[in-house]
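Owing to the predicted nature of the structure, the values given are computational and were not obtained by experimental measurement.
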Amino acid sequence: MPAARESLLDAAFAALEGRPWPRVKMAEVAAAAGVSRQTLYNQFGSKEGLARALVRREADAYLSGVERALSVASGAAGPRERLAAAAVWTVRSATENPLVRAVLTGCWNERLPTSVTSVTSVRTASPGPLPAPGELLGQARDRAVRLLAGDWPPGAVELPLACEAVARLALSYVVAPAPAADVARMVRTVLA
């Protein structure tokens, strides 16, 4: 039932946009997804399981966006521009999605599913454990290193170090907001 699972996650995300997670009701999520409450429980086991799967999905979507920004098809020509695009994606994604922001920063508020903050090392039926902020940032960095390895200019700063610096720079823009375009300019300046 992959379609039902995605519909339920979409419904849970939509419900979270409208009210704090503690007020989101499982029956409402199931009804919004067009499935029975039993189907919801069969898929996720509990409200905590639903929250964990939702956060995992949003973290995975963030990482997929990082890969898209780093790909040659992104329209950014060189590796520095692609790193800048990934940094801009990080800032925009965290600005637009409170779950991505929470996973990247470790800052959870009362509107978000707080039960997931204590289960970063617990494995569930979801695709894997929820990453801690440093782990998610490390995953983004590792993807950048992998995708840029063949294009990184010889003699430039070490690629892993550059990717780590850009990921941390982007995170600083998430924590202390500024226009997303500023992060791209900053990345280009730092890597020049």
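Each of D60, L63, V66 was compared with Q139 under the side-chain contact (heavy atoms from CB on, under 4.5 Å) criterion, and only L63 meets it.
With a 6.0 Å cutoff to the six-membered ring centre and a 45° limit on the axis angle, R80 counts as a cation-pi contact of W152.
Side chain to side chain, T90 and Y62 meet the donor-acceptor criterion of an N or O pair below 3.5 Å.
Dense packing is recorded around CD of Q38, with more than 12 heavy atoms of other residues, nucleotides or ligands lying under 6.0 Å away. Taking a 6.0 Å sphere around CZ of R168, one finds it holds 12 or fewer heavy atoms contributed by other residues, nucleotides or ligands.
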- Audit row: R146, D142, salt bridge (charged side-chain N to carboxylate O under 4.0 Å, His left out) steps and yes/no: CA-CA 6 Å; R146 180 176 46 81; D142 293 346; over 6 Å; no
- Task: Kindly indicate, with the supporting measurements, whether the criterion salt bridge (charged side-chain N to carboxylate O under 4.0 Å, His left out) is fulfilled by E28 and R23.
- Result: CA-CA 10 Å; E28 294 168 359; R23 291 186 35 219; over 6 Å; no
- Task: Under the side chain to side chain contact (heavy atoms under 4.5 Å, CB included) rule, what do W108 and V55 come out as? Steps first, then yes or no, please.
- Result: CA-CA 12 Å; W108 297 82; V55 173; 4.0 Å; yes
- Between R52 and R56, is a side chain to side chain contact (heavy atoms under 4.5 Å, CB included) present by the stated rule, with each step listed? CA-CA 6 Å; R52 198 175 306 123; R56 177 80 252 174; 5.8 Å; no
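Residues N97 and F13 come closest through the heavy atom pair OD1-CE1, 3.6 Å. Nearest approach of R5 to A53, heavy atoms of both residues: NH2-CB, 3.8 Å. Counting all heavy atoms, side chain and backbone alike, P79 lies closest to D151 at CG-O, 3.3 Å. Across all their heavy atoms, V145 and P160 have their closest contact at CG2-CA, 3.6 Å. Shown here for L70 and R82, the closest heavy-atom pair between the two residues is O-NE, 2.6 Å. Taking all atoms of both residues into account, the shortest heavy-atom contact from L83 to C163 is CD2-SG, 4.1 Å.
Side chain of K47 to main chain of P113: no donor-acceptor pair is present (N/O by atom type, distance under 3.5 Å, no hydrogens or angles). Proximity of a side-chain donor or acceptor of Q43 to a complementary backbone N or O of L40 within less than 3.5 Å is not detected.
With rounding to the nearest 0.5 angstrom, the CZ atom of R68 is 5.5 Å from the CH2 atom of W89. The CG atom of N109 sits 13.5 Å away from the CH2 atom of W21 when rounded to the nearest 0.5 Å. Here L137 contributes atom CG and T105 contributes atom OG1; the two are 11.0 Å apart, rounded to the nearest 0.5 Å.
Counting heavy atoms from C-beta on, the side chains of L50 and L9 come closer than 4.5 Å. Two residues are said to be in side-chain contact when any heavy atoms from C-beta on lie closer than 4.5 Å; R101 and T95 fail this criterion.
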Name the atoms and distances for all side-chain donor-acceptor pairs under 3.5 Å in residues 173-191, with sequence neighbours left out.
residue	atom	partner	partner atom	Å
D182	OD1	R185	NH2	3.1
T189	OG1	R185	O	2.9

